[in-house]
Protein chains: 2
Amino acid sequence: MKPMQVGLIGAGVVATGVAKVLERNQNEIMRRAGRGIQVTHVGARNLDKARSTLGIAADYSSQLEAVATHPDVDIVVELIGGTTLAKDLVLKAIAAGKHVVTANKALLAVHGTEIFAAARDKGVMVAFEAAVAGGIPIIKALREGLTANRIEWIAGIINGTTNFILSEMRAKGLDFGVVLKEAQRLGYAETDPTFDIEGVDAAHKLTIMSAIAFGTPVQFDRAHIEGITKLQATDIKYAEQLGYRIKLLGITRRRDHGIELRVHPTLIPAKRLIANVEGAMNAVVVQADAVGTTLYYGKGAGSEPTASAVVADLVDITRLHTADPDHRVPHLAFQPDAMSDAPILAMDQVITSFYLRLTVADEAGVLSRITGILAEHDISIDAVLQRESAEGERQTDLIILTHDTLEGSMNKALAQMQALPTVLAPIVRIRKEELA
Amino acid sequence: MKPMQVGLIGAGVVATGVAKVLERNQNEIMRRAGRGIQVTHVGARNLDKARSTLGIAADYSSQLEAVATHPDVDIVVELIGGTTLAKDLVLKAIAAGKHVVTANKALLAVHGTEIFAAARDKGVMVAFEAAVAGGIPIIKALREGLTANRIEWIAGIINGTTNFILSEMRAKGLDFGVVLKEAQRLGYAETDPTFDIEGVDAAHKLTIMSAIAFGTPVQFDRAHIEGITKLQATDIKYAEQLGYRIKLLGITRRRDHGIELRVHPTLIPAKRLIANVEGAMNAVVVQADAVGTTLYYGKGAGSEPTASAVVADLVDITRLHTADPDHRVPHLAFQPDAMSDAPILAMDQVITSFYLRLTVADEAGVLSRITGILAEHDISIDAVLQRESAEGERQTDLIILTHDTLEGSMNKALAQMQALPTVLAPIVRIRKEELA
């Protein structure tokens, strides 16, 4: 049987990985798929560069659209990123009856609904394992491995750059700015690291996982997104003293009245496995009613780890492309006519617990006034830590861990506490999740 | 569309979970699968008991074979365990053109080749996610998620009973016998715990993972199996001092001349994520060339976690049963005509490192003689720990960690060391893996 013919659009780091892995493991892949998979066409702006980077014999063209719709191409692999040209190419490939594999999380988090609908109409597959957590087969786990379950929540370390930075901040007691520079020097952070450190990349991935877990449409614009740029070494240290670590988590959770969808720094108990995921590694915890807690860990980025997911999708499509489209795995795990219309909850409706650090005057009655305000808002306290003030010092740090509460209630309590004359600086508030 | 009709054979803990999960999550499952899945027939010895345990309306029969071959049944779920009657029923179901789902690791590890061949001839699927690591979708990850990769090795905590016992031994400093009794009292160990504590259950699961990883036939009879019954609290303590934990691992690794397939207590660095998997939880680490290290964690046993895997298989079959059989995922991940004939290596050909504990006379020259023997066999030493002997004590403990060596060389060295007059007791030898 002639090999499945792939049109590869893009010639960057991941595309290079795809070319390499398909070449190096062609025998292993053929033995599994029962059919060869070959990159026959490449679309790239700079052809000379693409030829030398990819190092494979193929039909190279700078006409990306021509590759996306070429009659000899069975599957189009979109690896150029972005949401404008990429969207156009993916929709044209679909219209031309091509299956599509993409690693483009932004594209799917924002335009997934339109793209999946187009694919359904044409009876083609759009596969995107590489879009979330790189080489970890988390899309497959959520979409196929856990089909028996009502998924309750997902919490993931799904951005390697920020996890590397947080790991270094904790290990070395350094502040964010210092570690960011080191991360850039080592290649763990981009020159413009905004998408990573502000949580946008994580929110793209979380949006996709949330849709698959709960059968809702992708709604990136409804996600709450907070990065790690304001995190201070002090809070990492206090968290540690209280038995917690701080990670940038993407969290999505099913509640009675809707779905939580949020990315922010989060205290998690140090004894949880996910709290011990260090460096640029990714991990996703899934809580589901039948199976309980499962965790998936691996490299979330990089040339070959991401290529591993792209090629797995190519093998899936090779196996399944002859199957009746109605019997394939639905793009978003649930049948298109069985999607949920559960809304994404506004942030003040989210239920979570909190770490608070207050800089307070070291005088009688302060703690009582603060705990009084929390009690007024029905927020119960889990632990309190007051730093012993040095001799002559007039202020001290007061750390409070709360139990679960409505974020809206906490916002009100925070405003009242902040207004106290004995609260001397802006209160630091970090969300906390027990993850069990 | 009428629901897929399931014939459930068995009415034990897992069968109860399957009935419960299919019932409770029927809406969620239908939304995913696009079609209902219903247990319409139940085969069990004791019908009254089965009716009350399962609590579902179905056609109950004590004629197990009649259920396995019933014309109205689309998929047979075999949950009676054992390798005799279960084999017979599975083969009869296949012969009658039924798809089969089973959680029976022993059956597949021993008779998989015959069963998969029969299924292929009839064009039906035999699905077995529940046979390895309970609810963790590890079969799917290995067979579909990592298809791009040349898998190098797998190391797994794949028996919850023994991991619970080892966790307790470490946490409380107790010996095996004491903790086993506690585990039995708590329901973590069976009244006859032999299969678990002697490593047989883990070896069944490992055999299946190994076949899928490397494309070799299942060869349970070639596995090296060692349990945890001889493990002493002393060695757990010494390991901890050296930065290691002891876990019962199933390890399978590709070498130049064949495949390692072995279950035994193993020292692993305490900083590895898998070293921190506690209690009855399972975890599997997979090392593969493109993706690097991935880890999969969750409950490896229990009613609903195992049912989660069984039902996921039911959904897969529901989706795929109309697909051309040649395009389905092959039972053992590789196409039947592309299997490898790499042999399973004998234990003395295995490459691993070692922890040795020698009870030696506290006199000059002992260490030199012992290290001399190791050097003679080209075994290099990673670390040495000699316990300070108490005043008047004539003997002491000498702990040696080695680098990787051929097990055959170590056996020779051990024989020579054991023969030394200054070695006063049987040498304790535990294998060690760095897992990176």
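Note that the structure is a prediction, hence the values are computed from the model and not measured. Chain letters run A, B, ... following the sequence lines, proteins first and then strands; every chain starts at 1.
- Looking at A:M339, the atoms closer than 4.5 Å to chain B (heavy atoms on both sides) all sit in the backbone: N, CA, C or O.
- The candidate with the highest count of non-hydrogen atom pairs below 4.5 Å against chain A, out of B:A333, B:A323, B:G292, is B:A333.
- Ranked by non-hydrogen atom pairs under 4.5 Å with chain B, the options A:P137, A:G298, A:G17 are led by A:P137.
- Heavy-atom distances place both the backbone and the side chain of A:V329 under 4.5 Å from chain B.
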Using only distance, no hydrogens or angles, which N or O donor-acceptor pairs sit under 3.5 Å between chain A and chain B?
unit_1 : atom_1 : unit_2 : atom_2 : d
A:R24  : NE     : B:D289 : OD2    : 3.1
A:R24  : NH2    : B:D289 : OD2    : 3.0
A:N25  : ND2    : B:A148 : O      : 2.8
A:N25  : ND2    : B:D289 : OD1    : 3.2
A:N25  : ND2    : B:D289 : OD2    : 3.1
A:E28  : OE2    : B:R254 : NH2    : 3.0
A:R31  : O      : B:Q335 : N      : 2.7
A:R31  : NE     : B:A338 : O      : 2.7
A:R31  : NH2    : B:A338 : O      : 3.1
A:R32  : O      : B:Q335 : NE2    : 2.9
A:R32  : NH1    : B:T147 : O      : 2.9
A:R32  : NH1    : B:N149 : O      : 2.8
A:R32  : NH2    : B:N149 : O      : 3.3
A:K140 : NZ     : B:E144 : OE1    : 2.7
A:E144 : OE1    : B:K140 : NZ     : 2.7
A:T147 : O      : B:R32  : NH1    : 2.9
A:A148 : O      : B:N25  : ND2    : 2.9
A:N149 : O      : B:R32  : NH1    : 2.8
A:N149 : O      : B:R32  : NH2    : 3.3
A:N149 : ND2    : B:S308 : OG     : 2.9
A:R254 : NH2    : B:E28  : OE2    : 3.0
A:D289 : OD1    : B:N25  : ND2    : 3.2
A:D289 : OD2    : B:R24  : NE     : 3.1
A:D289 : OD2    : B:R24  : NH2    : 3.1
A:D289 : OD2    : B:N25  : ND2    : 3.1
A:L295 : N      : B:Y297 : O      : 2.9
A:L295 : O      : B:Y297 : N      : 2.9
A:Y297 : N      : B:L295 : O      : 2.9
A:Y297 : O      : B:L295 : N      : 2.9
A:S308 : OG     : B:N149 : ND2    : 2.8
A:Q335 : N      : B:R31  : O      : 2.7
A:Q335 : NE2    : B:R32  : O      : 2.9
A:A338 : O      : B:R31  : NE     : 2.7
A:A338 : O      : B:R31  : NH2    : 3.1

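- The CG atom of A:L273 sits 4.0 Å away from the CG atom of B:L273 when rounded to the nearest 0.5 Å.
- Only the backbone of A:A33 comes within contact range of chain B, with at least one heavy atom under 4.5 Å from a heavy atom of that chain.
- Nearest heavy atoms, A:V21 versus B:A290: CG2-CB, 3.8 Å.
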